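The structure appears below as structure tokens.
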Number of protein chains: 2
Amino acid sequence: MTSTDHTGSGDLARSLELMWGLDRKPTRGPKPALTLDRIVGAGIAVADAEGLDALSMRRVAAEVGAGTMSLYRYVPGKAELLDLMVDKVNSPCESEFPPGLGWRGALERVARGIWQMYNRHPWLLNVDQARPVLGPNSLRALELTLAAIGDAALSDREKMTVLTIIDGGYVSGMARTHFNAKHAAQRTGVSDEQFWAAQAPILSAAMTSGDYPELAALSQDSFTADGEGEFEFGLGLLLDGLEAFVERRT
Amino acid sequence: MTSTDHTGSGDLARSLELMWGLDRKPTRGPKPALTLDRIVGAGIAVADAEGLDALSMRRVAAEVGAGTMSLYRYVPGKAELLDLMVDKVNSPCESEFPPGLGWRGALERVARGIWQMYNRHPWLLNVDQARPVLGPNSLRALELTLAAIGDAALSDREKMTVLTIIDGGYVSGMARTHFNAKHAAQRTGVSDEQFWAAQAPILSAAMTSGDYPELAALSQDSFTADGEGEFEFGLGLLLDGLEAFVERRT
DNA sequence: CTTGAATCGAGTACACCGTACCCGACTCGC
DNA sequence: GCGAGTCGGGTACGGTGTACTCGATTCAAG
């Protein structure tokens, strides 16, 4: 599984207008039979149920019971549809942060929230979000997060850097590894056991060859990973490091 | 840019055979005009130069001056070609680790090596490697890494976990964010300045709306990111946390 | 109430993709 | 020599995003 390119959101301005609902309604003409929301929702439903590669304009159109080309009355193209799907799914933590959580608790909460968002919508992991399109939901999430870590003794720029490192870097990377593997099983019909069994012969041949002494000496349980546990462990390490950094400077 | 699905390497066993050179040569028939290496190399060249979405069987065939379907004499399909490309690119650090580096130094070195690998081959970031196909190069890299961090007071399983967290999680995630953004500019022809300028009107409207007080109060330089610097900073935090963990238990 | 401009849904068509299937040409072991 | 096995690669099918087009609908203006 690799990444389908949409060209980085062909018409960014149009995406933003649609996200923020800035298109002025026409007065003449027939009533639209569809809604932008319904289309975006259908796209999310398809991606959730069948993965990103099953998301096609024809498929979404069929889902809402319309002709394929009718979608283009609401959305400039597939890239923009994806932008809209991302922001819709990116709704901030339902409950606000409980007060008095402290910056470390808030960062943990945000990290786990993102982790669970990727669990609900694994297709998000394969959407290039390097250039974030700032929709209302994404912006709201950032706003709430900034408010919750206000007590950290960091500059504004450092706070943004920390968010990039933890959320954009660590959490996304770990989630990608973990959930892609998890969903690969059902998507391909090849279970984890089957997958590793297929590699076993080559692996054991490599072990006994003597070319890989370190690998050969590894204890048996080294390859059985507990994704969630590893995620929490690494998050702890990262926050420990950050805590030391903050204390060191005060 | 999103992720094109190959179905998780349709024929894993065949991929492994090709990687390890286990196919027994036929004795009858004409001499092959192509080489597996040449095809894989051409694929890498195309992906390096024009991105993952430009990588098609027809494009690779044209690159090596052959008919499209001729490639299927050497490779079962596109998924397996990608597997081969990944392992070929995944050659371990050219120079071995200098002795006496210590586990922390070794982990830093590995992390930076991966970072630079992603810099050279940004398409790698959009290949799903959740289920790693263990080719000779990948295995060699793991072997060398394990040898270099042998002095860490960690169990075998913990070492693997640490590698997953740092390399599979943090480094990959940060590299994805950074290099996808970096190459989005040239791929789409929209510079970073243009990209942010397009969002500026909506952003400033949101700021002045009063709905986003925290965002509005951010200092001006908060959005100017230094990817490499952020990467090093986060890596330091992670390793600080790990160092504390190791010392705490001894 | 009529009329025309604007907007609707959607069919057709094109260029691209991965690849199943097939066949003629080549080359060696017998 | 000759036939089995392997080579290159052409053709064709079902999929993709979407440009272009056109008839049907609806409201504002006369």
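Residue numbers begin at 1 in each chain, while the letters A, B, ... track the order of the sequences. The shown structure was predicted, so the numbers you read here are calculated from the model rather than taken from an experiment.
Residues A:R59 and A:A54 come closest through the heavy atom pair CG-O, 3.5 Å. Residues B:V64 and B:I39 share a closest heavy-atom pair of CG1-CA, 4.4 Å.
Taking atom OH of A:Y74 as the reference point, atom P of C:dT7 lies 14 Å away to the nearest angstrom. In this structure, B:R73 places its CZ atom 14 Å from P of D:dG5, rounding to the nearest Å. Look at CD on A:E50: it is 14 Å from P on D:dG15, rounded to the nearest Å. A:Y72 has its OH atom 15 Å from the C1' atom of C:dG9, to the nearest Å. If you measure from atom CG of A:L34 to atom P of C:dT7, you get 18 Å, rounded to the nearest angstrom. Protein atom CZ of B:R59 is 19 Å distant from nucleotide atom P of C:dA15, rounded to whole Å. The separation between B:M57 atom CE and D:dA12 atom P is 21 Å, rounded to whole Å. Distance A:R28 CZ to D:dG30 C1': 13 Å, rounded to the nearest Å.
Along DNA chain D, the nucleotide closest to B:M69 and the one closest to A:K31 are compared, and the more 5′ of them pairs with B:M69. For the pair B:P30 and B:G65, both in contact range of DNA chain D, the more 5′-proximal nearest nucleotide belongs to B:P30.
As judged by a 4.0 angstrom heavy-atom cut-off over every strand, A:L81 is placed among residues making no nucleic acid contact. Base engagement by B:G29 is indicated by at least one non-hydrogen atom pair under 4.0 Å involving a base atom. Among the atoms of the strands shown, only primed sugar atoms or phosphate atoms (P, OP1, OP2) are found under 4.0 Å from some heavy atom of B:A33. Here A:A66 lies in heavy-atom contact (under 4.0 Å) with sugar-phosphate atoms only. Using a 4.0 Å heavy-atom cutoff across all strands shown, A:T27 reaches sugar-phosphate atoms only and no base atom. Note on B:L71: nothing from the nucleic acid sits closer than 4.0 angstrom, heavy atoms only.
Of the side-chain N and O atoms in B:S56, one or more sit less than 4.0 angstrom from OP1 or OP2 of C:dC17. OP1 or OP2 of D:dG9 lies within a sub-4.0 Å distance of a side-chain N or O belonging to B:S70. Between A:T68 and C:dA10 there is no side-chain N or O to OP1 or OP2 distance below 4.0 Å. Contact annotation: B:R58 does not reach the phosphate of C:dC16 (side-chain N/O to OP1 or OP2, under 4.0 Å).
One finds a salt bridge joining A:D192 and B:R131 here, because a Lys/Arg side-chain nitrogen approaches an Asp/Glu carboxylate oxygen to under 4.0 Å. Taking 4.0 Å as the cut-off between side-chain N and carboxylate O, A:R14 and A:E17 count as a salt-bridged pair.
To the nearest 0.5 Å, atom CG of residue A:L134 and atom CG of residue A:L139 are 5.5 Å apart.
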